[in-house]
Amino acid sequence: MSELLTVLGVGGPLAVIGGTVAVAREKCPSVYWSAVGLPLSTVRLLGSYGSVMDACGLTVAPSRLRALAVRAATRREVRPVPPRRGFLRPTSTGLRLRLRLAAGQEVADVAASSERLRHAWGVHAVHVSEIRPGTVELRLVGFDVLRDVRMPRHIHGGYLRVPVALREDATAFVRDYRAIPHQLTLGATLSGKSMYLRHLVAGLAGQDVALVGIDCKRGVELAPFASRLSALATDPAEAAELLSVLVRLMDRRYNLIRARQSIPAGTPDQAITSDIWGLREEERPVPVVVFVDEVAELFLTATRKDEERRDEMVTQLIRLAQLGRAAGIYLEVCGQRFGAELGKGATMLRAQLSGRVCHRVNDEASAKMALGDIAPEAVIAACSVPADRPGTAVAGDTSGGWSRIRTPYLSLADAADRCVKTAHLVPELPELAPFQPVNISTEFEAGGLSA
């Protein structure tokens, strides 16, 4: 009896501790990782590094000098050596480890073994990236960071750079308009596409940028941000006029750049520019970011007159996509589907949108529209996005690289409040003044939006 009580007395606290650990792992994965997962994974990695590398085929024959030294000192069999390992750097979400590759090894060799390394060291995922020739970094992620998104505390943002989502390797996904001028964002209803757009608007609201919206759903997506928008079109007719104005604005900016290039001989090369960023700050025009929500509405037609307007709008969009970057005009095109079935010019426009973000879609064809021409292997990942994780997407670009991302929650009220607080930053662009939206609250008070 006493032995039974002793067992129960010891087993009770152990059961409580085990239950607490299990709850922490499910409800607070970051706490579990810091308290339990990090020490265990560190011990596994340090204790099995050599054998795991050997099992993964990442070891190489030692140099002749090393082999002679081993035989002379220990007279043991000379074994293959793994890549030289750097210091372990723990983080709040995992571990970082740098490897010095041996002669004849490449990054693809390590990346091909990432799944084996994940199981061997007991982590959620292992991501491999090249730091410099011959050196790679392993990012060991201890838990699923996309389940409960928490953006990193220190994010390197900047002008025309918006941290908009979290990557699956626990780094921030930053939308950089200087690096990727135009982007296509696809997603089905309730997939999180609007949340992604909301983060972009809120992130750019505090910068010296002109924001232009084209929302043919009567402005239901972009109208809450009216206080910060320089222009807003809410139907195809207004969109056609606004796009024509933007093309004329682009032409005027090209005239400014060309005038700047007409300089005398002997001027240093750095004084000659081919875009607005080479102009002096006092003469540089403000960048313009154009948000097009539900781009399919611009392609749909019902009459012959609508077809003529559609062709004109598509032509203007293609011109902006081809030539707008140098003039500081950037496109953010959103929709549920985007392909050749929309009509003439759709494929040509898509080819100019180098950035791609694909949320959950209803069919494989939609994923192929977004990612099939730049990263075919990402199509499968886009088709496997679960419906219970809104905001999850696959992001890629024309370089062929891609990754899973998820946008954190941002309420519409908070995003609209951010726009109200930064309304004084709306730049003065006389060309866009006729399209500047009226304050929504003013319309309500005047009865303009009454039922």
Side-chain angles (χ1 to χ4, degrees), residues 107-108 111-112 127-130 164-165 167-169 173-189 191-193 196-197 200 214 243 289-300 310-311 313-326 329-385 391-407:
V107 181
H127 301 276
V128 182
S129 60
E130 182 178 358
V164 68
R167 296 180 185 270
E168 60 182 343
D169 63 354
F173 174 74
V174 180
R175 175 71 174 97
D176 188 349
Y177 287 91
R178 295 285 300 275
I180 302 178
H182 314 303
Q183 182 170 275
L184 173 64
T185 302
L186 295 185
T189 303
S191 64
K193 185 173 75 275
Y196 183 89
L197 183 62
L200 286 177
I214 297 178
L243 288 172
V289 178
V290 182
F291 298 100
V292 181
D293 187 70
E294 204 52 68
V295 65
E297 290 295 322
L298 302 182
F299 285 83
L300 299 179
R310 188 270 310 275
D311 293 343
M313 283 191 296
V314 173
T315 301
Q316 307 291 36
L317 272 175
I318 293 175
R319 291 193 62 193
L320 289 173
Q322 289 179 336
L323 307 174
R325 182 207 61 83
I329 300 177
Y330 308 104
L331 296 180
E332 196 75 37
V333 180
C334 304
Q336 296 186 36
R337 286 181 61 87
F338 195 85
E341 72 276 4
L342 291 180
K344 184 175 62 176
T347 304
M348 184 181 297
L349 174 61
R350 185 183 61 175
Q352 302 297 327
L353 307 175
S354 52
R356 308 289 175 83
V357 173
C358 183
H359 293 76
R360 177 179 56 82
V361 291
N362 293 324
D363 58 332
E364 184 180 355
S366 298
K368 289 182 178 179
M369 293 175 193
L371 303 169
D373 57 336
I374 62 172
E377 64 277 7
V379 174
I380 300 176
C383 294
S384 62
V385 174
T392 303
V394 175
D397 54 57
T398 51
S399 66
W402 64 276
S403 63
R404 293 181 181 86
I405 63 172
R406 191 179 186 188
T407 309

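In this chain, numbering begins with 1 at the start of the sequence shown.
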(message) According to side chain to side chain contact (heavy atoms under 4.5 Å, CB included), who are the partners of Thr347, at least two apart in sequence or on a separate chain?
(response) Ala340, Arg350
(message) As an exercise, state the distance from CG of Asn362 to OG1 of Thr189, rounded to the nearest 0.5 Å.
(response) 7.0 Å
(request) Quick one: closest heavy-atom pair of Ala393 and Val357, and the distance? (result) CB-CG1, 3.8 Å
(request) Could you pull out all residues at least two apart from Arg310 that satisfy side chain to side chain donor-acceptor pair (under 3.5 Å)? (result) none
(message) Asp373: which residues meet the side chain to side chain donor-acceptor pair (under 3.5 Å) condition with it, sequence neighbours left out?
(response) Arg356
(request) Apply side chain to side chain donor-acceptor pair (under 3.5 Å) to Asp176 and list each qualifying residue two or more places apart in sequence or on a separate chain. (result) Arg161
(message) If the condition is salt bridge (Lys or Arg N to Asp or Glu O under 4.0 Å), which residues does Glu364 pass it with, not counting sequence neighbours?
(response) Lys368
(request) Please identify each residue that fulfils salt bridge (Lys or Arg N to Asp or Glu O under 4.0 Å) with Glu168, with sequence neighbours left out. (result) Arg404
(request) Kindly give the heavy-atom pair with the smallest separation between Leu317 and Leu349, and that separation in Å. (result) O-CD1, 4.0 Å
(message) Cation-pi check for Tyr177 against Arg175: NZ or CZ below 6.0 Å from the six-membered ring centre and within 45 degrees of the axis, yes or no?
(response) yes
(request) Looking only at non-hydrogen atoms, find the nearest pair between Ile374 and Gly396 and report the distance. (result) CD1-C, 3.9 Å
(request) Please name the pair of heavy atoms, one in Arg167 and one in Ser403, separated by the smallest distance, quoted to 0.1 Å. (result) NH1-OG, 2.6 Å
(request) Could I get the full list of side chain to side chain contact (heavy atoms under 4.5 Å, CB included) partners for Asp363, not counting sequence neighbours? (result) Arg337, Ala365, Ser366
Throw together a table of side-chain donor-acceptor distances under 3.5 angstrom for residues 178-188, partners on residues two or more places apart or in other chains.
| from | atom 1 | to | atom 2 | distance (Å) |
| --- | --- | --- | --- | --- |
| His182 | ND1 | Leu331 | N | 3.0 |
| His182 | NE2 | Ala321 | O | 3.1 |
| Gln183 | NE2 | Tyr196 | OH | 2.8 |
| Gln183 | NE2 | Glu332 | OE2 | 2.8 |

(message) What's the separation between atom CZ in Phe299 and atom CE in Met313, rounded to the nearest 0.5 Å?
(response) 8.5 Å
(message) Just to verify, what does Gln316 make a side chain to side chain donor-acceptor pair (under 3.5 Å) with, not counting sequence neighbours?
(response) Ser244
(message) If I compare all heavy atoms of Ala381 with all of Ser384, which pair ends up nearest, and what's the gap?
(response) O-OG, 2.9 Å
(message) Going by the rule side chain to side chain contact (heavy atoms under 4.5 Å, CB included), which residues pair with Ala382 if we only count those two or more places apart in sequence or in a different chain?
(response) Cys358, Ala367, Leu371, Val394
(request) For Asp169, enumerate each residue passing the salt bridge (Lys or Arg N to Asp or Glu O under 4.0 Å) test, keeping only those at least two apart in sequence or located in another chain. (result) none
(message) Val289 vs Leu200, test: side chain to side chain contact (heavy atoms under 4.5 Å, CB included). Steps then yes/no.
(response) CA-CA 10 Å; Val289 178; Leu200 286 177; over 6 Å; no
(message) For the CZ atom of Arg360 and the NZ atom of Lys193, what is their distance to the nearest 0.5 Å?
(response) 10.0 Å
(request) Please list, chain by chain and in numerical order, all residues satisfying side chain to side chain contact (heavy atoms under 4.5 Å, CB included) with Ile380, sequence neighbours excluded. (result) none
(request) Supply the atom-to-atom distance Leu243 CG to Ile318 CD1, rounded to the nearest 0.5 angstrom. (result) 11.5 Å
